[in-house]
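In the text below, chain A, chain B and the rest are named by the order of the sequence lines, each starting its count at 1. Computation of the quantities below employed the complete heavy-atom set of this structure, encompassing side-chain atoms and omitting hydrogens, waters and symmetry-equivalent molecules.
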Amino acid sequence: MPELPEVEVTRLSFADRIAGAVVQSVRLGKPLRWPLQCRPESLVHRRVTGVRRRGKYLLVDLCEGMLLIHLGMSGSVIFDRQLAPAGTHDHFDLVTDLGILRLHDPRRFGAVVYAAAEADIVARRLLGHLGAEPLGEGFDPLWFFASLKQRKAAIKQVLLAGDLVVGVGNIYASEALFLAGIRPTTRACTLSKPRVIALHAAIRSVLSRALEQGGSTLRDFTNARGESGYFQLEAMVYGRAGQPCRVCTQAIRSIRQGQRSTFFCPICQKR
DNA sequence: AAAAGCCCCTGGATGC
DNA sequence: TGCATCCAGGGGCTTT
């Protein structure tokens, strides 16, 4: 699913178009990961004032309150003046005078949650523990080094946990570690300062490049205009088990870490 | 506080 | 063709 670049590409593809829209009705499909936390009718007549992103959450600001949208593993958002009748996997429609915002999510790990404010108990539960935005000012290399010093877990797992840095999902974690030449199983606290600085740069580089490419890593990704990911950003290691490393031709290896697959090159990522 | 497992759910690919 | 198994981009919650 969607990692930070895909979520940001989604945001950019509809934020301007939905700004100023007034909610006319709400349609709910099957239950998502969490309940909406408000009566759907209570959203009617509210105006959308903007769309922000925090980690992998989209924050749809209303003149009063906000909707937190998460795409989970299989979610996508589309916004258009007119949409086809809702299908079996369309579980949330926000109908406005400017168009319909729809969450399509076959696996339903995604969610749409209403929060009165960011200080709201619901918003704090979902957003409160999130780490630094990797493409923002708060993601400082020396701070990153100091933070990783406190963590004994494997670096890949620390990246995925999202409490130090957000938005790095299963694909980009493997890709960034390859770029930095770090073995995914290495304990975070054992990484030297130069290696952490390299990882910091690799995370930024991988994410910003994917963002420029329009979130192209996911084969079935579409932005809110319904435009598909171009899948033009070639993965160095992700999904390439047994295939030759693009740098040294050694066979890429695949392991399991915390019930997720990890890919790395045993030569380029020695430790 | 941090780490490790457990789930939630559907569909596509693979193998017999 | 039919059926079983495995795997998938996440992450909050519970237990150690």
Report the distance from atom CD of A:Glu6 to atom C1' of C:dA8, rounded to the nearest whole Å.
14 Å
Would you please confirm or rule out a distance under 4.0 Å between OP1 or OP2 of B:dA3 and any side-chain N or O of A:Lys152?
no
Just checking A:Arg260: base, sugar-phosphate only, or nothing, at a heavy-atom cut-off of under 4.0 Å?
base
Rounded interatomic separation in angstrom, taking CZ from A:Arg240 and C1' from C:dC7:
19 Å
Would you say whether A:Phe109 stacks on B:dC9? The test is a distance between ring centres of less than 5.5 Å and an angle between planes of less than 30°.
no
First locate atom CG of A:Leu36, then atom CG of A:Leu68, and finally report the distance between them rounded to the nearest 0.5 Å.
10.0 Å
Round to the nearest Å and state the distance from A:Asn170 atom CG to C:dG11 atom P.
11 Å
Where the side chain of A:Arg151 is defined as all heavy atoms beyond and including C-beta, which of C:dG12, B:dT10, B:dA3 is the nearest nucleotide?
B:dA3
So, is A:Ser74 close to the B:dC9 phosphate, meaning a side-chain N or O under 4.0 Å from OP1 or OP2?
no
Of A:Thr88 and A:Asp163, the one whose nearest nucleotide on DNA chain B sits closer to the 5' end is A:Asp163
Checking N1-N3 plus N6-O4 or O6-N4 for Watson-Crick, or N1-O2 and O6-N3 for wobble, each under 3.5 Å, the partner of B:dT10 is C:dA8
Counting any heavy atom closer than 4.0 Å, what does A:Leu126 reach on the DNA or RNA strands: base, sugar-phosphate only, or nothing?
sugar-phosphate
Judged by each residue's nearest nucleotide on DNA chain C, which is more toward the 5′ side, A:Phe263 or A:Leu127?
A:Phe263
With the side chain defined as heavy atoms from C-beta on, A:Arg125 is closest, among C:dG10, C:dC13, B:dC6, to C:dC13
For residues A:Thr96 and A:Gln24, report the shortest heavy-atom separation together with the two atoms involved.
O-OE1, 3.4 Å
Where the side chain of A:His70 is concerned, which of C:dC13, B:dA4, C:dG10 is the nearest nucleotide?
C:dG10
Respond yes when some side-chain nitrogen or oxygen of A:Tyr57 is under 4.0 Å from OP1 or OP2 of C:dG12, and no when none is.
yes
Proximity to the side chain of A:Arg33 - top-ranked nucleotide from C:dG11, B:dC6, B:dA3:
C:dG11
Tell me whether the OP1 or OP2 atom of B:dC9 has a side-chain N or O from A:Lys30 closer than 4.0 Å.
no
So A:Arg256, base contact, sugar-phosphate only, or nothing? Heavy-atom distance under 4.0 Å.
sugar-phosphate
Look at the aromatic rings of A:His89 and A:His104 and report parallel, tilted or perpendicular, splitting at 30° and 60°.
perpendicular
Just the rounded figure in Å: distance from C1' of C:dG12 to NZ of A:Lys56.
13 Å
Touch class at under 4.0 angstrom, heavy-atom based, for A:His129 against every strand present:
sugar-phosphate
Send over the distance from A:Leu164 CG to C:dG11 P, rounded to a whole Å.
15 Å
Verify same cluster id: A:Val112, A:Ile78 (apolar side-chain graph, 4.5 Å):
no
Where the side chain of A:Gln259 is concerned, which of C:dG12, B:dC6, B:dG11 is the nearest nucleotide?
B:dC6
Using side-chain heavy atoms (C-beta onward) and a distance below 4.5 Å, is A:Phe92 in contact with A:Val26?
yes
Shortest side-chain distance from A:Arg107, nucleotide among B:dT10, B:dA4, C:dG10
B:dT10
Counting the atoms with a prime plus P, OP1 and OP2 as sugar-phosphate, which does A:Arg108 contact under 4.0 Å by heavy atoms, base, sugar-phosphate, or nothing?
sugar-phosphate
Let me know the distance between OH of A:Tyr238 and C1' of C:dG10, rounded to the nearest Å.
12 Å
Would you call A:Val166 and A:Glu133 a side-chain contact if the rule is heavy atoms closer than 4.5 Å?
yes
How close or far is atom P of C:dG10 from atom CD1 of A:Ile171, stated in whole angstroms?
7 Å
Is it the case that the side chains of A:His91 and A:Asp105 hold a donor-acceptor pair, with the cut-off being a distance below 3.5 Å and no angle test?
no
d(CG, A:Asp105; C1', C:dG11) in whole Å:
14 Å
Which part of the nucleic acid does A:Gly258 contact within heavy-atom distance under 4.0 Å: base, sugar-phosphate only, or nothing?
nothing
